[in-house]
Amino acid sequence: MSQPNLLDGLNDQQKAAITAPPAATLVIAGPGSGKTAVLTRRVAYLVSQLRVPPHQIMAVTFTNKAAREMLERIEHLLGENLHGLTVGTFHAICARILRREAAHVGISAAFTIYDTDDQLNVIRQALAEQGLDEDRSQPRKFLNAISNAKNELITADAYPQGNYQDRQIAQVYERYQALLRAANALDFDDLLMYSVQLFRDHADVRRDYQARYAHILVDEFQDTNTAQYKLVQLLAGSEGSLFCVGDPDQSVYRFRGADYRNLAYFQRDYPNANVILLEQNYRSHQIILDAAMAIIDKNTDRIRKQLRATRRDGTKIALKQLSDDEDEAQYIVWTIREAVRIGRYAYKECAVMFRTNAQSRALEETFIRANVPYKLIGGVRFYSRREIKDLLAYLRAIQNPNDDVSMRRIINTPPRGIGKTTLGKLEDWALSRNQSLSDALSALRSGQPSPFTGKALSALESFAATLEVWRNLRDTMAVGTLLRDVLDQTAYLQYINDGTPEGKEKVENVQELARVAEAQGNKPLALYLEDIALIADVDTYDDSADSVVLLTLHAAKGLEFPVVFIVGLEEGLLPHAQSLEDEEQLAEERRLMYVGLTRAKEQVYLTWAMRRAGYGGGLGERTLVSRFLEDIPPELTTGSPVPKRGAGAAFATRWEGDRATPPRPAWRIPQPQATASAPRRERAVSSANISTNSLYRSGQRVYHDKLGEGVIIASRFVDGDEELDIRFEKHGLKRLFASIAPLRMLDED
């Protein structure tokens, strides 16, 4: 493609960014400003105009989906396949580098990548070995602290030990890392930290990669953490061509270690960098942009941009005050259904965004009742389902014999006569021999003296023999064929198919996994498992399905929709309660609202409820309207007036007295009428409004024979039976039928 064609249709700032000299360049790209076009055309410009070989270019994104789209666009621009071009996420690129350079950092190239569940299992083991009570210690708190340390490149031996809690974390961190190494496993943060250590400590390796990747491009630079920024610096060197694109106003991942100040650090570290602002917006109309800027302008110490829309059409932002969260959900569903009915929009063109995952329950139930299709991004991921994790654990144990986490998961799944007692003995025996579980099983097969006899010994030897066969086949047998053999040898489909609808769904999930595995052809097992480990929620988003999209504001980054609903505009929700006393956190909440607004192309609806039910049940809590609504100039909005936050009851005070029942609004979805064959289904919204015919109530404590103590969150009648949502202390949220669940009521005095 010639240079004039490459720059056709672009504005002056975009052209300046694409044709910038190959040196340090920072592009501050406002939402909808065409940054993807700039990045892809920048790569095309390097290849077609500056004659840079594709293998000398690395382009880093934050999602696999964005990486795929970027590569497709570049190849479309140039009309050819670019062999050798490196495009991927930080974690995926680091994983590939570490497999090549594993020996330099003291790991095996066959390492497994542990997901969050695996990491928590290792943390629990470390806590137990330190004599710390799991329930009191909160494993996730320790994992978060360790993750934060790794993001800041703080190793276990360098972890600050200022107080008793710090010393506990340091001890658990040290043991956690030792257990990972013993299992030949890395967590997501290790992929970054080991890569930084590789390039920092091995100058010869660093020089090789600097020569290979003479041009480095980084997307979403505002979302980089300390480790990622250091990695980019090491790869680029002081003279490298480093091209970074980002927007500090869209930095919303502080909880993951992201630091929007990296853009300022970039300018500090590269004082001669070329800085270019992209302010022309091609997505939203000016009313939406003006509202977004009115909110974000409240943040101080930022690079101010004046977003300008190319679109001159546009309607005002619709504000709607509703009585409660059910009313809010019904208004949203009714509005979307009416827009589809008159042919204005398709379902897939509408998105409903919220601050917390808990807000999705009332929405989902209303969508189901109204028979409106929806897709929840960030729900239970396909690869997080129990049956899928079981089979992936088999493949991981085949690939990596030292992976004890996977071994524990599969050793008696399906049951094969290796119960908890036998497993405990095997773990103790392996520990006494300083071996992994897999090595201990091999020792059993070789006839070495052990504490096992009879059926237990036979079961362990049989399992070890089967594993050995699979491991001998892993390098020659296709992944799909290997998985099919695992299913056949273990009779796993029969194990999960109990004849219930849930069992049928599990079988369908496993069959889908097998289909995807077979489509991998001869891809090595290690790479197949690596690809799965690095899949994010947004990577599975299918924008071709005609369904309304439900998602958190954090998950909305990188997406766009003609119609956007942002719900729960109340103090304590948006902005979140945890941010109200912290200016830095409050600034991030503004950025989150800014991101949500600028996802919309044509229409924005902002809703809030006067009361919102909580886990305590009852009529819910009286709310205060979000301060963000007050920031939006009234001439940009239509609909409900914004109440003054100083008026009325304070946030989080209980609503007192009975309220009069108002006339049913048009958006109220009628309850299904009961018939002789179809009993009336009672609704359950969030955690309140338990049926008056229910034997149970919201907040009621119950005891389940297997799951232990829990609290009832909601109840509904389904086909004549009472269905309960119960949050168990040790097993999380479960949905059970009251007629068959072994429940006993507690606290009835």
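In this structure, the side chains of Thr40 and Val43 stay at 4.5 Å or more apart for every pair of heavy atoms. For the pair Tyr159 and Arg167, the minimum side-chain heavy-atom distance is 4.5 Å or more. Using a 4.5 Å cut-off on side-chain heavy atoms (C-beta onward), Val510 and Leu487 make contact. Side-chain atoms of Gln125 and Asp404, non-hydrogen and from C-beta on, never get closer than 4.5 Å to each other. Counting heavy atoms from C-beta outward, Tyr260 and Glu588 have side chains that stay 4.5 Å or more apart. Residues Ile410 and Thr490 form no side-chain contact, since every pair of their non-hydrogen atoms from C-beta on lies 4.5 Å or further apart. In this structure the side chain of Tyr528 never reaches within 4.5 angstrom of the side chain of Gln399, judged on heavy atoms.
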Begin from the C-alpha positions of Tyr270 and Gln233 and carry the test side-chain contact (heavy atoms from CB on, under 4.5 Å) through to its verdict.
CA-CA 10 Å; Tyr270 300 92; Gln233 281 188 300; 3.8 Å; yes
Using side-chain contact (heavy atoms from CB on, under 4.5 Å), reason through Leu437 and Ile411 one step at a time and then give a plain yes or no.
CA-CA 10 Å; Leu437 295 179; Ile411 199 166; 5.6 Å; no
As a quick check of understanding, evaluate side-chain contact (heavy atoms from CB on, under 4.5 Å) for Arg96 and Glu530, giving each step before the final call.
CA-CA 9 Å; Arg96 293 175 214 159; Glu530 178 182 303; 4.0 Å; yes
Working for side-chain contact (heavy atoms from CB on, under 4.5 Å), residues Val105 and Leu98:
CA-CA 8 Å; Val105 289; Leu98 289 175; 4.2 Å; yes
Evaluate Arg396 against Ser406 for side chain to side chain donor-acceptor pair (under 3.5 Å), listing each step before the verdict.
CA-CA 7 Å; Arg396 286 176 14 174; Ser406 294; 3.1 Å; yes
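Relative to the six-membered ring of Trp470, Arg474 misses at least one condition, a distance below 6.0 Å or an angle of at most 45° to the axis. Cation-pi geometry between Arg100 and Tyr209 is not met at under 6.0 angstrom from the ring centre and within 45 degrees of the axis.
The two residues Ala126 and Leu179 make their nearest non-hydrogen contact at N-CD1, 4.0 Å. Among all heavy-atom pairs drawn from Phe463 and Leu441, the shortest one is CD2-CD1, 3.9 Å. Annotation for Ile216 and Leu235: closest pair CD1-CB, 3.5 Å, computed over non-hydrogen atoms. His215 and Ser241 get closest at one heavy-atom pair: ND1-OG, 3.1 Å. Smallest separation of non-hydrogen atoms from Leu551 and Ala556: CD1-CA, 3.6 Å. Between Arg42 and Ala20 the shortest heavy-atom distance is NH1-O, 2.6 Å.
To the nearest 0.5 Å, the span separating CG on Leu467 from CE on Met407 amounts to 5.5 Å. Asn184 contributes atom CG, which lies 4.0 Å from atom OG of Ser108 (distance to the nearest 0.5 angstrom). Rounded to the nearest 0.5 Å, atoms CZ (Arg409) and CG (Leu391) are 9.5 Å apart. Leu513 contributes atom CG, which lies 5.5 Å from atom CG of Leu392 (distance to the nearest 0.5 angstrom). Here the NZ-OG1 distance, from Lys150 to Thr226, works out to 15.5 Å after rounding to the nearest 0.5 Å. From Asn262, atom CG reaches atom SG of Cys244 across 9.5 Å, with rounding to the nearest 0.5 Å.
Ion pairing between Glu69 and Lys65 holds under the 4.0 Å rule for side-chain N and carboxylate O. Residues Glu129 and Arg175 are paired through a salt bridge, judged by an N-O separation under 4.0 Å between the basic side chain and the carboxylate. At a threshold of 4.0 Å, the pair Glu512-Arg515 counts as salt-bridged, since one of the basic side-chain nitrogens sits closer than that to a carboxylate oxygen. Taking the charged nitrogens against the carboxylate oxygens, Arg433 and Asp439 have no contact shorter than 4.0 Å, which rules out a salt bridge.
At most 12 heavy atoms of other shown residues, nucleotides or ligands fall within 6.0 angstrom of atom CD in Glu174. Annotation: Arg261, atom CZ; neighbour count of heavy atoms from other residues, nucleotides and ligands within 6.0 Å does not exceed 12. Atom CG of Asn434 is surrounded by 12 or fewer heavy atoms from other residues, nucleotides or ligands within 6.0 Å. More than 12 non-hydrogen atoms from other residues, nucleotides or ligands lie less than 6.0 angstrom from CD of Gln489. For Asn522, the CG atom is loosely surrounded, since the number of other residues' heavy atoms within 6.0 Å does not exceed 12. Counting heavy-atom neighbours within 6.0 Å of Lys230 NZ, excluding the residue itself, gives a total of 12 or less.
Between the side chains of Glu220 and Gln222, at least one donor N or O sits under 3.5 Å from an acceptor N or O. Side chains of Asp390 and Thr413: a donor-acceptor N/O pair is absent below 3.5 angstrom, by distance only. Residues Gln138 and Lys141 have side chains that never bring a donor and an acceptor to within less than 3.5 angstrom of each other.
Checked against a 6.0 Å centroid threshold, the rings of Phe90 and Phe62 count as neighbours. Note: Tyr229 and Phe266 fail the aromatic proximity criterion, with ring centroids not under 6.0 Å apart.
Checked against Tyr114 for a side-chain hydrogen bond (donor to acceptor under 3.5 Å, both in side chains), the options Asp403, Asp187, Asn121, Asp190 give a single hit: Asp403. Asp223 pairs with exactly one of Lys557, Arg591, Arg254 by the salt bridge (Lys or Arg N to Asp or Glu O under 4.0 Å) rule, that one being Lys557.
In this structure Asn144 satisfies the side-chain contact (heavy atoms from CB on, under 4.5 Å) test together with Arg140, sequence neighbours excluded. Asn225 is linked by a side-chain contact (heavy atoms from CB on, under 4.5 Å) to Asn151, Leu192, Ala227, Gln228, counting only residues two or more places apart in sequence or in another chain.
Looking only at distances, a side-chain donor or acceptor of Ser446 sits under 3.5 Å from a matching main-chain atom of Ala443. Under the 3.5 Å distance criterion, the side-chain polar atoms of Gln168 are left unmatched by any main-chain donor or acceptor of Asn163. Judged by distance alone, the side chain of Gln520 and the main-chain N or O of Val516 form a donor-acceptor pair under 3.5 Å. In this structure a side-chain-to-backbone donor-acceptor pair under 3.5 Å is present from His202 to His104. Remark: the backbone N or O of Asp115 is paired with a side-chain donor or acceptor of Asp118 at under 3.5 angstrom.
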